[in-house]
> 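Here you go, one structure.
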Amino acid sequence: MQDITLPEGLRLNEESPTNDQSGAGFATIDVSTRLCTGRIHLHGAQVTAWQPRGASEPVFWQSAQAKLASDKAIRGGVPISFPWFADGRSHNQKPAHGLARLADWKLVDASSTPGGEVTVRLRLDDETLAKSKFAPDAEVTLVVTMGVAVQMSLVVRAGSAACHFEDAMHNYFHVGDVTRASVKGLDAARYLDKVSGRDGQLQEGPVTFSGETDRVYQSVASTSIVDPVLNRTIRIEKSGSESTVVWNPWSKRSEKDFGMAPGEWQQMVCVETANALADEVYLEAGEKHVLSQVISLG
Ligand SMILES: O=P(O)(O)OC[C@H]1O[C@H](O)[C@H](O)[C@@H](O)[C@@H]1O
């Protein structure tokens, strides 16, 4: 494991639970400070938990049946989609959502502030990137800061050649009951409805949920999830993102297609900070792109 000194409040847990049949371990960085608790899996650089002190419920959702295996993405928290989103612009890319969420990222730096925030920086390995024709010699890092809010920045610096890619922070949020929750901030935005296949749909008012929902909005706006059951609002402020994806698989598909436990779909909603489809990112050699979000409770 990497030789990085961790500040108080961060602990490298190399024995984190795994259900990988190959026996591969699942290292996590566990966070416990006066401001929050949290967890980051090195597999996928995936934030799987963050909860400010005083909050009675987790902010992120994770399936009780989430597979912790080296060839699987963890169903919950914040998977990173890169260098393509879902099956990509060409609709035939595999694995779904790119290589980043299946790779073991390296911890390169960790620090804390006198105010109690902790930051870790993780880097995607060159071997994984070399497998991608999209950005083969790019440098890709994820910076996560946890405190009263959680901030994430995915930084992509192009290498010696121009490159293009899609990216996303595929946030799974915990809600009391998705049928009563709503997402504000997307009013008047155009979207692709992936369930019906219809593009150019117009959002009117907040997004509400009454069936399978899978939409790619063209929107730079920040959003918030209003949850009357848990009596809270989750705010998602974003930058460097031209798309917002909203997803819930609903009852019928949740178990068979997405491996969720019975009824779990009702306590989750994905509101994803992304650059997908027509919003893919183009970089000239050496140029940098930063996809960022700050998540907080209101
Ligand atoms: O099952 P996964 O590969 O994790 O993808 C889960 C979901 O991710 C996104 O929200 C996409 O828009 C959906 O079409 C997809 O079903």
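FYI, the numbering just counts along the sequence from 1. First listed ligand is number 1; within each ligand, the first listed atom is number 1.
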> Contact between E272 and ligand 1, counting heavy atoms under 4.0 Å?
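The answer is yes, since E272 has a heavy atom less than 4.0 Å from ligand 1.
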
> With side-chain contact (heavy atoms from CB on, under 4.5 Å) as the criterion, how do H170 and W247 come out once you've worked through the C-alpha distance, each side chain's angles and the decisive distance to 0.1 Å?
CA-CA 10 Å; H170 192 305; W247 180 62; 4.1 Å; yes

> Can you list the atoms of ligand 1 that are under 4.0 Å from a heavy atom of V245?
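By the 4.0 Å cutoff, the relevant atoms are 10 (O), 12 (O).
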
> Side chain of E166, backbone of L277: donor and acceptor closer than 3.5 Å?
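Yes; judged by distance alone, with no hydrogens or angles, the pair exists.
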
> Scan side-chain atoms only and decide if S296 and R235 contain a donor-acceptor pair under the 3.5 Å cut-off.
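Side-chain D/A pair, S296 to R235: present.
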
> Of the backbone atoms (N, CA, C, O) and the side-chain heavy atoms from C-beta on, which set of R101 has a member under 4.0 Å from an atom of ligand 1: side chain, backbone, both, or neither?
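Near ligand 1, R101 shows its side chain, while the N, CA, C and O stay back.
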
> Going by atom types alone, do E280 and H164 pair a side-chain donor with an acceptor below 3.5 Å?
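Checked: E280/H164 side chains pair up, N/O donor to acceptor below 3.5 Å.
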
> Report the nearest protein non-hydrogen atom to atom 5 (O) of ligand 1: residue, atom name, distance rounded to 0.1 Å.
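Protein heavy atom with the smallest distance to atom 5 (O) of ligand 1: H97 NE2, 3.2 Å.
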
> Between Y172 and W61, how do the two ring planes meet: parallel, tilted or perpendicular, split at 30° and 60°?
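The arrangement is parallel - the two ring planes meet at less than 30°.
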
> Please report the C-alpha distance between L230 and H174 in whole Å, then the side-chain angles of each, then the deciding distance to 0.1 Å, and finally whether the side-chain contact (heavy atoms from CB on, under 4.5 Å) criterion is met.
CA-CA 9 Å; L230 297 183; H174 170 51; 3.8 Å; yes

> Apply the side-chain contact (heavy atoms from CB on, under 4.5 Å) test between L192 and each candidate in D214, V245, D199; give the one that qualifies.
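So, applying the side-chain contact (heavy atoms from CB on, under 4.5 Å) to L192 and each of D214, V245, D199, only D199 qualifies.
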
> Which atoms of ligand 1 have any heavy atom of A96 under 4.0 Å away?
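In order of numbering, the contacting atoms are 3 (O).
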
> Suppose we measure from atom 6 (C) of ligand 1 to each protein heavy atom; which comes out shortest, and what is that distance?
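That would be W247 CH2, 3.6 Å.
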
> For atom 13 (C) of ligand 1, what's the nearest protein heavy atom and its distance?
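Ranking protein heavy atoms by distance from atom 13 (C) of ligand 1, first comes D214 OD2, 3.1 Å.
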
> Are D126 and R123 within salt-bridge range, i.e. N to O under 4.0 Å?
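Yes, this pair counts.
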
> In the protein, which heavy atom is nearest to atom 1 (O) of ligand 1, and how far is it?
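Its nearest protein heavy-atom neighbour is R75 NH2, 3.0 Å.
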
> For ligand 1, which atoms sit closer than 4.0 Å to a heavy atom of F258?
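Listed by number with element, the hits are 1 (O), 16 (O).
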
> Can you report which non-hydrogen protein atom sits closest to atom 8 (O) of ligand 1, along with the distance?
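In this structure, atom 8 (O) of ligand 1 has H170 NE2, 2.7 Å as its nearest protein heavy atom.
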
> Pick one of side chain, backbone, both or neither for how D257 approaches ligand 1, counting any non-hydrogen atom pair under 4.0 Å.
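Neither part.
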
